[in-house]
Colleague: 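Sharing a structure below in C-alpha cells format, with a few things to ask.
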Amino acid sequence: MDKFTPIESRPAPLVEVGVIGWMRKNLFSSIPNTLVTLFTAYMLWIVLVPFINWAFITSDWFGDSRQDCTSGGACWVFVTVRWNLFMYGFYPEDSYWRPNLAFILLIAILVWLSVPNLPYKKWVGIAAVTIYPVVAFVLLYGGFGLDIVPTHRWGGLMLTLVLALVGIVVAIPIGILLALGRRSEMPVIKMVCVIFIEFWRGVPLITILFMASVMLPLFFAGGTDADKLMRALIGIVMFQSAYMAEVVRGGLQALSKGQFEGADALGLSYWQKMNLVVLPQALKIMIPGIVNTLISLFKDTSLIVIIGILDILGMVRQALSDPAWLGYPAEGYLFAAFMFWIFCFSMSRYSIYLEDRLNTGHRN
Amino acid sequence: MTNEQEFIITLNKVNKWYGQFHVLKDINLNVKVGERIVICGPSGSGKSTMIRCINHLEEHQEGEIVVDGVVLNNDLKNIGQIRKEVGMVFQHFNLFPHLTVLQNCTLAPIWVRKMPQKEAEAIAMKYLERVKIPDQAHKYPGQLSGGQQQRVAIARSLCMNPRVMLFDEPTSALDPEMIKEVLDVMVELAQEGMTMLCVTHEMGFAKKVADRVIFMDAGQIIEQNEPEAFFNNPQSDRTKLFLSQVLGH
C-alpha cells in the first residue's frame with residue numbers, strides 16, 4: 001500500500017502579494033479603475049497641496065497679537081495665545097496643576113490597564129472606578145485643603161473630558177442594568193426599564209440639557225438648587241445610559257441561547273451567569289457599538305454650550321467673537337475639530353486593540 | 001426517604017405545552033441509581049424536552065419531577081440544588097469560548113461549590129485526563145476539534161461531581177471521525193456506574209451499555225425495555241417502523 005504524503009505548501013507568486021501585486025489588484029485592475037485612481041490622485045493633489053501650504057508652510061505659530069501673523073497663511077497665534085483658555089476655561093491659573101495631575105493620573109491608569117503583563121490589573125481597575133473619581137473630583141473641585149473652584153469656572157477641553165468621562169463611566173453600568181432589566185422575565189422590572197429607555201431615547205439631548213438647566217430649578221424651592229454642571233451631567237448620563245442599554249441588549253441577543261443554558265445547567269446563579277459567562281462575551285461583541293456610542297457622546301458634549309457652559313468648542317466660539325481677533329474662524333474651528341478628532345480617533349484605535357486582544361478564536 | 005432514594009429521578013404524569021402544542025403527554029419515568037438509559041425516537045418526539053425538564057432548562061406545566069429527593073418547582077433554591085447534582089452535555093457543547101478549557105472546567109466548582117481554586121484545578125485536570133485531553137487545558141475551546149470540545153464539555157460536567165448525567169444528542173453535531181472518541185468516553189463513564197440518561201441515535205452505544213432503552217414519539221413514551229428485547233423483539237408497530245429505518249442500512 002502506498003503511504004500518503006501531502007504535497008508541501010509553496011509560497012504564492014510574487015505578483016499576487018507584494019506592493020506591486022497590491023497596486024495592480026486594487027488601483028489599476030481595469031481601465032475604469034485606473035481612471036478613477038488617477039482622478040482621485042489629481043483631486044488630492046489640488047486640495048492637499050494648498051492646504052498644507054496654508055496650514056504649515058506659510059503659517060505663523062508664535063506671537064502675542066494678530067500683528068504677528070504676517071506670512072499670509074494660517075494664523076495659529078490665535079490658538080497659541082489662548083491655549084490656556086481653550087484647555088482650562090476660566091480655571092484659576094495658579095491651579096492648572098490640579099487638572100493636569102488628574103489627567104496624568106487618568107493616562108497612567110489607562111496605560112497600566114492596556115499594557116499586557118503588568119501586575120495588579122484587577123486592583124488598578126477597581127481603583128480606577130472607585131478611588132480615582134473621588135481623587136479627580138477633589139483635585140478639580142477642591143476640598144481637603146485645596147481651594148474650591150466652582151464649576152462655572154471650569155471650561156475648555158478639561159470640561160469636555162469631564163463631561164465625556166463621567167458620562168461614559170456612569171452610563172455603561174446603568175446601561176448594562178437597563179439592558180438586563182429589559183430582558184428580565186419579571187414584568188414590573190421589564191416595564192420600568194422599557195419606559196425609561198424609550199423616554200430618554202425619544203428626547204433630543206438638547207431638550208434634556210435645556211430642561212435640566214432651566215426647568216428643573218423651577219421645581220426646587222429656592223436655595224436647594226443643585227449645581228448647574230451637575231444637573232447637565234445627570235441629563236447626559238440618563239440620555240447615554242438609554243442608548244448604551246440598547247447597544248448592550250443587541251450584544252446579549254447576539255449570544256447563542258446555548259451559552260445561557262450551559263451556565264444554567266452548571267448551576268450558576270443569575271448574577272454569576274451574567275458576570276462570568278454572558279457579559280464578558282456580550283461586551284466583547286459590543287465593543288464597536290459601545291465605542292460608537294461613546295464617540296458620539298464625546299462630540300455631543302459640545303451641545304452643553306446652549307446652557308451657558310463653555311466646553312472647548314464654546315471657548316473657541318467665544319474667542320472668535322473677540323473684536324481684537326475677528327476673522328480667524330478657519331483656525332479656530334480647525335483646532336477644535338482637531339482636538340475632538342484626536343480623542344475620538346484614540347478611542348476608535350483603542351477599541352480595535354481591545355477587540356484583537358480579547359479575541360480567543362471562535363465565538364460560541 | 002429510603003424508598004425515594006431508590007429512584008434518583010422520578011417523573012410523575014409530567015405534561016408540557018409550547019403554546020398550544022402539547023409536547024410531553026403524561027410522562028412517567030423512574031430512574032434507579034446507576035441506571036443507564038438511552039432515549040431514542042424521531043425528531044420532534046419530545047425526547048430532548050423531557051431530559052431538559054429534569055434540570056429545569058424547560059419548565060413543565062403539570063405533574064411532578066423529583067430529583068434526588070428534591071421536588072422541582074419554581075423555587076430557585078430547589079432548581080439550584082438539582083442543577084448542582086445533575087450534569088448536562090449538549091449537542092452543541094456550549095463551552096464558554098472566552099475561557100480556557102481549564103477555566104471552563106473550574107468555573108462552576110469555584111463559584112457554585114465554593115471550592116478553592118487549586119483544588120478545583122486539580123479535579124479539573126483529573127477529569128481532563130480521563131477524557132484524554134490534559135494537554136489542551138490551556139487552550140481556548142475555539143482551538144479544539146468538535147470531538148475534543150465535546151470531551152471537554154463532559155469533563156466540565158463531571159467536575160461538579162454530579163450524581164446524574166444528561167446527554168442531549170452529544171454526537172449529532174460531530175464529524176463521523178470524531179463520534180467514536182466521544183462515545184468511548186461515554187462508554188467508560190457508563191462502565192464506572194454513573195447514572196446516565198442519553199438522548200442519542202447511536203444504537204450501537206445503546207446495545208453496548210444501556211440498561212434500558214426508551215422509545216418516544218409524539219410526546220409519549222411508547223415502549224421501554226432492555227436493549228436486547230427492545231431491538232430484537234419490539235412490541236409496538238411504531239417502534240418496529242422506527243427501528244427498521246435507523247438500523248436498516
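Below, all heavy atoms of this structure are taken into account, side chains as well, without hydrogens, waters or symmetry copies. The shown structure was predicted, so the numbers you read here are calculated from the model rather than taken from an experiment.
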Colleague: Would you call A/V277 and B/L99 a side-chain contact if the rule is heavy atoms closer than 4.5 Å?
Modeller: no

Colleague: More than 12 heavy atoms of other residues, nucleotides or ligands under 6.0 Å from CD of B/Q117: yes or no?
Modeller: no

Colleague: Atom NZ of residue position B/K132 - does it have more than 12 heavy atoms of other residues, nucleotides or ligands inside 6.0 Å?
Modeller: yes

Colleague: Evaluate the side-chain proximity of A/S256 to B/H92: yes if any heavy-atom separation is below 4.5 Å, no if none is.
Modeller: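 The answer is no; the side chains never approach within 4.5 Å.
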
Colleague: Of all heavy-atom pairs between B/M88 and A/A265, which one has the smallest distance, and what is that distance?
Modeller: CB-CB, 4.0 Å

Colleague: Backbone N or O of A/G258 within a donor-acceptor pair of the B/N94 side chain at under 3.5 Å?
Modeller: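 A pair under 3.5 Å: yes.
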
Colleague: Name the region of B/F96, side chain, backbone, both or neither, that has any atom closer than 4.5 Å to a heavy atom of chain A.
Modeller: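 For B/F96, the contact with chain A is made by backbone and side chain together.
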
Colleague: Rounded to the nearest 0.5 Å, how far does CH2 of B/W111 lie from NZ of A/K273?
Modeller: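 Answer rounded to 0.5 Å: 16.0 Å.
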
Colleague: With rounding to the nearest 0.5 Å, note down the distance linking OG in A/S269 to NZ in B/K77.
Modeller: 14.5 Å

Colleague: Measure B/R52 against the heavy atoms of chain A and call it side chain, backbone, both or neither at under 4.5 Å.
Modeller: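 Side chain only.
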
Colleague: Which region of A/Q272, side chain (C-beta onward) or backbone (N, CA, C, O), has a non-hydrogen atom less than 4.5 Å from a non-hydrogen atom of chain B, or is it both or neither?
Modeller: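 Looking at A/Q272, just its side chain touches chain B.
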
Colleague: I'd like to know which of B/L166, B/N55, B/L107 tops the heavy-atom pair count under 4.5 Å against chain A.
Modeller: B/L107

Colleague: Take A/L266 and B/V112 through the test side chain to side chain contact (heavy atoms under 4.5 Å, CB included) and record every step on the way to the result.
Modeller: CA-CA 8 Å; A/L266 286 171; B/V112 180; 5.8 Å; no

Colleague: Can you name the nearest heavy-atom pair linking B/P97 to A/Q259, along with the distance?
Modeller: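 For B/P97 and A/Q259, the tightest heavy-atom pair comes out as CD-OE1, 3.5 Å.
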
Colleague: Picking from B/K84, B/M160, B/R156, which has the most non-hydrogen pairs under 4.5 angstrom with chain A?
Modeller: B/R156

Colleague: More than 12 foreign heavy atoms under 6.0 Å from OH of B/Y18: is that the case here?
Modeller: yes

Colleague: Hey, mind stepping through A/D264 and B/I79 against side chain to side chain contact (heavy atoms under 4.5 Å, CB included) and telling me if it holds?
Modeller: CA-CA 10 Å; A/D264 280 338; B/I79 297 173; over 6 Å; no

Colleague: Using modelled atom types only, decide if a donor and an acceptor are shared between the side chain of B/H98 and the backbone of A/V278 within a distance under 3.5 Å.
Modeller: no

Colleague: Quick check on B/E177: does its CD atom have over 12 non-hydrogen neighbours (other residues, nucleotides or ligands) under 6.0 Å away?
Modeller: no

Colleague: Can you tell me if NZ on A/K190 sees more than 12 non-hydrogen neighbours from other groups inside 6.0 Å?
Modeller: no

Colleague: At a 4.5 Å cut-off on heavy atoms, which part of B/V89 comes close to chain A: side chain, backbone, both, or neither?
Modeller: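 Neither the backbone nor the side chain of B/V89 comes within 4.5 Å of chain A.
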
